[in-house]
2 protein chains.
Amino acid sequence: MKQQDVKPQSNTQRAIEAMRQMIFAGDLPAGSDHLESELAEQLGMSRTPIREAALTLEGQGLLEMRPRKGVRILPVSPDDMREIYDVLTELESLAAKQAAKRRPSHADLAPLAKAITDMDAALAAGALEDWADADERFHKELVRLGGNSRVRMIVNMLSDQVRRARMITLHMRPIPVKSNEDHRAVFDAIKSGDGDQAHIIHRAHRQAAKDLIVGLLEKHKLSRV
Amino acid sequence: MKQQDVKPQSNTQRAIEAMRQMIFAGDLPAGSDHLESELAEQLGMSRTPIREAALTLEGQGLLEMRPRKGVRILPVSPDDMREIYDVLTELESLAAKQAAKRRPSHADLAPLAKAITDMDAALAAGALEDWADADERFHKELVRLGGNSRVRMIVNMLSDQVRRARMITLHMRPIPVKSNEDHRAVFDAIKSGDGDQAHIIHRAHRQAAKDLIVGLLEKHKLSRV
DNA sequence: GCATTATTTAATGCATACGCAAATAGATGC
DNA sequence: GCATCTATTTGCGTATGCATTAAATAATGC
């Protein structure tokens, strides 16, 4: 097994990673404010690397630095979700089309195939968290296969922004059987080199996901998650 | 006339603005390296705000911080241009479609209309820089009308990344007469509420721009601008 | 009491200092 | 000459301190 990127070596990198995890885990809840000095103390470092990390995460759209009010964790509203999913729809379906055009080898497609079988397995086992994990891997692999590094970066950034909302709605939504079918259809289209088909299916897949999640958020009055 | 955003008051903001301008103006050429301390001296401030500005601009894809090698101004290759224009194509044509669907009022459309007449005027006067300026306003207004703030931010970011290349090729390309026709057609489609038409025309417009500019860069062996 | 002004508090923006590690130059051996 | 090892330099990462200024609180006038 190949070694993952070696653990971040600078305090700034550690702060970025730690704060990301704290945001996703809910330790820093959406909408909450945090003084730089508090975060510094929590993470056992000075304000300098905290500030640098906050600047970086601000660029990623995860938080906002407001003078004297502290670092605010940005909440995501249903309208935000719509915006984000609309972008994801365009860019991921572009990636799907371009992935198909590149006629990827069997080896290239392996991670995508694995994500699909993992999703099936997770679903069969009723392990929703595992399903969500594999689902994320699928989308990540898809944009990697698309071959456009800007698309990859933007999609990853936006995926981070909606991660909390996806986790929250994970247990409200119906079992994502249709979703797995979609993934498989996209995969088949890419494998057979049919870019237009991959594009069409994936677009519909993402639009359906948008409607589902936005609907759930609104139904449950989750105006800011 | 309403007052523009008051000039940035913090040194960090000033550094961001100054470095952006220096990058666009070529004072910090593509591919060049610059020590933090040099930039600090140039801008008359300490390293701290320079580092914060660099972090921000790194997030915007304009430069890269490499320990001990200094801040490197990221060059843009023809492949980069292809990537960026592909994203711009998708997101701007989405914006065009959604702008049409929103049935904007005459007042909403005014800035877009002005950008178009300005382009015509600039072209008639042979003022290419003015044309480029109005062209940028058109695209900026278009994504504003689209109403998706993520699209707006991403498009603005990518536009910054390709600004140098666009300026360089500005005087190599044929007079952009067709481009003006396209803009007008997009405008008409939006005005008449025909989202699909706006989408189709704008997409073709952007793809043509991509082919043109990438072709010019490659023809002139401009592998990194 | 209420509004307005003065005072205090405290978080930030930034300058500065310093140790560490990387890069470079220099020394040594072969 | 060339390689290897050592010394030196230098740029960065980070801690720290402080002036500034927004926010909070108290004080004052009406």
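Numbered from 1 within each chain, the chains take letters A, B, ... in sequence-line order.
Side chain of A:Gln161 to main chain of A:Gln60: a donor-acceptor pair is present (N/O by atom type, distance under 3.5 Å, no hydrogens or angles). A donor-acceptor contact shorter than 3.5 Å is absent between the side chain of B:Arg203 and the backbone of B:Ser93. At distances below 3.5 Å, not a single donor-acceptor pair connects side-chain atoms of B:Glu52 with backbone N or O atoms of B:Thr12.
Residues forming a side chain to side chain donor-acceptor pair (under 3.5 Å) with B:Asp27 (at least two apart in sequence, or on another chain): none. When the ring pair (Phe, Tyr, Trp, His ring centres under 6.0 Å) test is applied to B:His199, no partner is found at least two apart in sequence or on another chain. Every residue was checked against the side-chain contact (heavy atoms from CB on, under 4.5 Å) condition with A:His106, not counting sequence neighbours, and none meets it.
The distance between atom CG of B:Leu43 and atom C1' of C:dC14, rounded to the nearest whole Å, is 14 Å. Between B:Gln9 atom CD and C:dT12 atom P the separation is 15 Å, expressed in whole Å. D:dT20 atom P lies 17 Å from atom CE of B:Met45, rounded to whole Å. Atom CZ of A:Arg72 is separated from atom C1' of C:dA11 by 17 Å (rounded to the nearest Å). Atom pair A:Met65:CE and C:dC14:C1' shows a separation of 13 Å (rounding to whole Å applied).
The end-to-end axis angle of the helix from C:dG1-D:dC30 to C:dC30-D:dG1, rounded to 10 degrees and based on five pairs per end, is 10°.
Pairs passing the side-chain hydrogen bond (donor to acceptor under 3.5 Å, both in side chains) check and including a residue from residues 32-44 of chain B, sequence neighbours excluded, read B:Ser32-B:His34, B:Asp33-B:Arg66, B:Asp33-B:Arg72, B:Glu36-B:Arg47, B:Glu36-B:Arg51. Applying the salt bridge (charged side-chain N to carboxylate O under 4.0 Å, His left out) rule to pairs touching residues 92-113 of chain A yields A:Glu92-A:Arg206, sequence neighbours excluded. The list of salt bridge (charged side-chain N to carboxylate O under 4.0 Å, His left out) pairs with a residue in residues 145-157 of chain B, not counting sequence neighbours, reads A:Asp80-B:Arg150, A:Glu83-B:Arg150. The salt bridge (charged side-chain N to carboxylate O under 4.0 Å, His left out) pairs that include a residue from residues 207-223 of chain B are B:Arg82-B:Glu218, B:Asp86-B:Lys210, where partners are two or more places apart or lie in different chains.
Residues from residues 28-36 of chain A that place a heavy atom under 4.0 Å from any atom of DNA chain C, listed by number: A:Leu35, A:Glu36. Applying a 4.0 Å cut-off to non-hydrogen atoms, the residues of residues 50-59 of chain A that approach DNA chain C are A:Arg51, listed by residue number.
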Report all side-chain donor-acceptor pairs from residues 18-25 of chain B shorter than 3.5 Å, counting only partners two or more places apart or in another chain.
| from | atom 1 | to | atom 2 | distance (Å) |
| --- | --- | --- | --- | --- |
| B:Arg20 | NH1 | B:Asp160 | OD2 | 2.5 |
| B:Gln21 | NE2 | B:Glu17 | OE2 | 3.0 |

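The base of C:dA11 is not paired with the side chain of A:Ser37 by any donor and acceptor separated by under 3.5 Å.
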Filtered N/O pairs between nucleotides 18-24 of chain C and protein, under 3.5 Å:
| from | atom 1 | to | atom 2 | distance (Å) |
| --- | --- | --- | --- | --- |
| C:dA21 | N3 | B:Arg68 | NH2 | 3.4 |

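Taking each heavy atom of A:Leu109 and A:Pro104 in turn, the nearest pair found is CD2-CG, 3.7 Å.
For B:Ser10, the listed nucleotide lying nearest its side chain is C:dG13; candidates were C:dG13, C:dT16, D:dA15.
Residue B:Thr12 has a polar side-chain atom (N or O) positioned under 4.0 Å from OP1 or OP2 of C:dC14.
Atom CE of B:Met153 sits in a sparse spot, with 12 or fewer heavy atoms from other residues, nucleotides or ligands closer than 6.0 Å.
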